[in-house]
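A short write-up of the structure that comes next.
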Amino acid sequence: MTPIMEFNGIYTPVVTPFHADYSPNFAALEAVLERLIAAGVHGVISGGSTGENYAMSVSERLDIARETVRIIAGRVPVIMGTGAMLPSDSMALAMGGKDMGADALLVATPPYAVPTERENALAALAIDAAADMPIMLYNYPGRMGVNMGEEFLDRVGRSRNFCAIKESSGDINRVHTLARDYPHIQMSCGMDDQALEFFAWGAQSWVCGGSNFLPEQHLALWRACAVEGNFDKGRRIMSAMMPLMRVLEQGGKFVQSIKYGVTFEGIETGAIRPPLKGLNKDDKRALEQVIRVLKTTIAKIEEE
């Protein structure tokens, strides 16, 4: 079955720069988006957790998405994040994304409620019925509390709109299951330290927060594996990226590290909304060193 939308390449869940008073800094957002476009990313996600959606109202998220769509102006797809605790909020975000011209939706499990697979599927299908847009599912049981298991996938898979899944469970067996049993739902890497494995099992896309500040390096890994099929080169690039993966995936400071990485690379991202706090000086220095070594190492690999 041909998917309604092809997800192929690097998709950046975009950070939200803020002023000191926590209001969105749209000038900095434009600078981030233009930097990503210039680097060659294949799409952007507005309103994901990397963009601090959990600390925003629905109206703020819609304003930021609307500005993102305006700036991108059709150059790459814009995916509207709809994740929210209230189903009515998710629906408002989905319909707002449709009205403003977003290209697809990112649909997650409502957090904290711990729905059954049937309940979770019905919630996703309600968004599908109302919006009738391409949908990338977002499976992140570590944050949402439940897994998008086989019953869920069987139910939603009856609609062609559910054409991809960002898999962030960390369970490598899920990669095997998705590749083998659900080939009609495109598998997208959502667990950065497993990117090589995802590509080996046929994933063609990667939703990666680190591409906010290192887009060329994330593109290098995708290109080596998904385009060239050169997994020897891919392993070397992945090895160079592992220190960054450890910082991002295992340090408990994912959003803070992503935002500081963007600031370190020249675009001030400003404050972090509560309850999170920015990196301390030691964390900043450690991340800066990781970035420097990673860029130098991958540049040498690319020159060979």
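Nothing fancy with the numbering, it's 1 onward along the sequence.
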Verify the cluster assignment for Val227 and Ile237: are they in a single hydrophobic cluster under the rule of side-chain heavy atoms below 4.5 Å apart?
yes
Could you walk me through whether Ser169 and Asn147 pass the side chain to side chain contact (heavy atoms under 4.5 Å, CB included) test, one step at a time?
CA-CA 8 Å; Ser169 66; Asn147 201 42; 4.3 Å; yes
Beyond-backbone contact of Arg160 with Phe162, side-chain heavy atoms, under 4.5 angstrom
no
For Leu248 and Ser257 the tightest heavy-atom approach is CD2-CB, 3.7 Å
Ring pair (Phe, Tyr, Trp, His ring centres under 6.0 Å) pairs touching residues 114-134, sequence neighbours excluded, are none
Going by an N to O cut-off under 4.0 Å, is there a salt bridge joining Lys259 and Glu268?
no
Hey, can you tell me if His218 and Trp206 have their rings parallel, tilted or perpendicular (30° and 60° cut-offs)?
tilted
Would you indicate whether the side-chain heavy atoms of Arg246 and Asp193 approach each other to under 4.5 Å?
no
Is the side chain of Arg143 donor-acceptor paired with the backbone N or O of Asn139 at a distance under 3.5 Å, no angle test?
no
Hydrophobic cluster identity match, Ile172 and Trp201, side-chain contacts under 4.5 Å:
yes
Tell me if a side-chain donor or acceptor on Lys166 pairs with a main-chain N or O of Gly190 at a distance below 3.5 Å.
no
With a 4.5 Å cut-off on side-chain heavy atoms, are Met80 and Leu106 touching?
no
Between Thr297 and Leu294 (side chain of the first, backbone of the second, donor and acceptor by atom type, cut-off under 3.5 Å), is there such a pair?
no
Measure across Ala164 and Ile185 and return the closest heavy-atom pair with its distance rounded to 0.1 Å.
C-CG2, 3.6 Å
Phe18 backbone acceptor or donor facing Asn25 side chain under 3.5 Å:
no
Hey, does the side chain of Ser57 reach the backbone of Glu60 with a donor-acceptor pair shorter than 3.5 angstrom?
yes
Where do Arg223 and Glu216 land on the salt bridge (charged side-chain N to carboxylate O under 4.0 Å, His left out) test, with the steps shown first?
CA-CA 10 Å; Arg223 191 165 48 246; Glu216 291 89 354; over 6 Å; no
Glu34 atom CD, neighbour heavy-atom count above 12 within 6.0 Å:
yes
Between Tyr11 and Phe7, how do the two ring planes meet: parallel, tilted or perpendicular, split at 30° and 60°?
tilted
Decide yes or no on side chain to side chain contact (heavy atoms under 4.5 Å, CB included) for Met241 and Ile298, but give the supporting numbers first.
CA-CA 8 Å; Met241 297 184 81; Ile298 294 179; 3.7 Å; yes
Euclidean distance, Cys208 SG relative to Gln217 CD, rounded to 0.5 Å
11.0 Å
Mind checking what makes side chain to side chain contact (heavy atoms under 4.5 Å, CB included) contact with Pro134, not counting sequence neighbours?
Ile4, Met5, Ala104, Cys163
Arg35 and Glu30: CA distance, side-chain angles, deciding distance, salt bridge (charged side-chain N to carboxylate O under 4.0 Å, His left out) verdict
CA-CA 8 Å; Arg35 165 82 177 90; Glu30 182 166 9; over 6 Å; no
Indicate yes or no: at least one non-hydrogen side-chain atom of Asp192 is less than 4.5 angstrom from one of Phe254.
yes
Any side-chain heavy atom of Ile37 sitting closer than 4.5 Å to one from Val76?
yes
Taking Phe231 as the starting point, is it possible to reach Leu219 by hopping between hydrophobic residues whose side chains are less than 4.5 Å apart?
yes
Closer than 3.5 angstrom, by distance alone: can the side chain of Ser49 be matched with the main-chain N or O of Glu52 as a donor-acceptor pair?
no
Could you name each residue pair satisfying ring pair (Phe, Tyr, Trp, His ring centres under 6.0 Å) that touches residues 92-146, not counting sequence neighbours?
Tyr138-Tyr140
Can you find a heavy atom in the side chain of Phe264 that is under 4.5 Å from one in the side chain of Leu287?
no
Considering all heavy atoms, the nearest Thr50-Pro13 contact:
CG2-O, 3.4 Å
Residue pairs meeting ring pair (Phe, Tyr, Trp, His ring centres under 6.0 Å), one or both in residues 26-84, sequence neighbours left out, come to His42-Trp222
Pairwise distance CD(Gln256) to CG(Asn280) - rounded to 0.5 angstrom
10.5 Å
Between Gly97 and Leu62, which heavy-atom pair has the shortest distance, and what is it?
N-CD2, 4.5 Å
To the closest 0.5 Å, what do you measure between CE (Met242) and CE (Met238)?
5.0 Å
Between Ala55 and Pro274, the two heavy atoms sitting closest are CB-O, 3.9 Å
State whether the side chain of Ser23 and the backbone N or O of His19 hold a donor-acceptor pair below 3.5 Å, judged by distance alone.
no
Under 3.5 Å: donor-acceptor pair, side chain of Ser159, backbone of Asn161
yes
SB check Arg285 Glu288 (cutoff 4.0 Å):
no
When clusters are formed from ILVMFWY side-chain contacts under 4.5 Å, directly or step by step, what else is grouped with Val146?
Val114
When you compare the side chain of Gln186 with that of Glu6, does any pair of heavy atoms fall below 4.5 Å?
yes
Arg155/Glu119 ion pair, N-O < 4.0 Å:
no
For Asp283, is there an ion pair with Lys253 - N to carboxylate O distance below 4.0 angstrom?
yes
Search all heavy atoms of Val15 against all heavy atoms of Asn212 and return the closest pair with its distance.
N-OD1, 3.2 Å
Considering only residues two or more places apart or on different chains, which pairs with a residue in residues 168-180 satisfy salt bridge (Lys or Arg N to Asp or Glu O under 4.0 Å)?
Glu167-Arg174
Quick one: does Glu228's side chain have a donor or acceptor within less than 3.5 Å of a partner on Cys225's backbone?
no
Got more than 12 heavy atoms from elsewhere within 6.0 Å of CZ, Arg118?
no
Any donor-acceptor pair under 3.5 Å linking the side chain of Arg61 with the backbone of Met56?
no
Criterion side chain to side chain donor-acceptor pair (under 3.5 Å) on Thr109 and Asn120, from CA distance to verdict
CA-CA 6 Å; Thr109 301; Asn120 199 16; 2.9 Å; yes
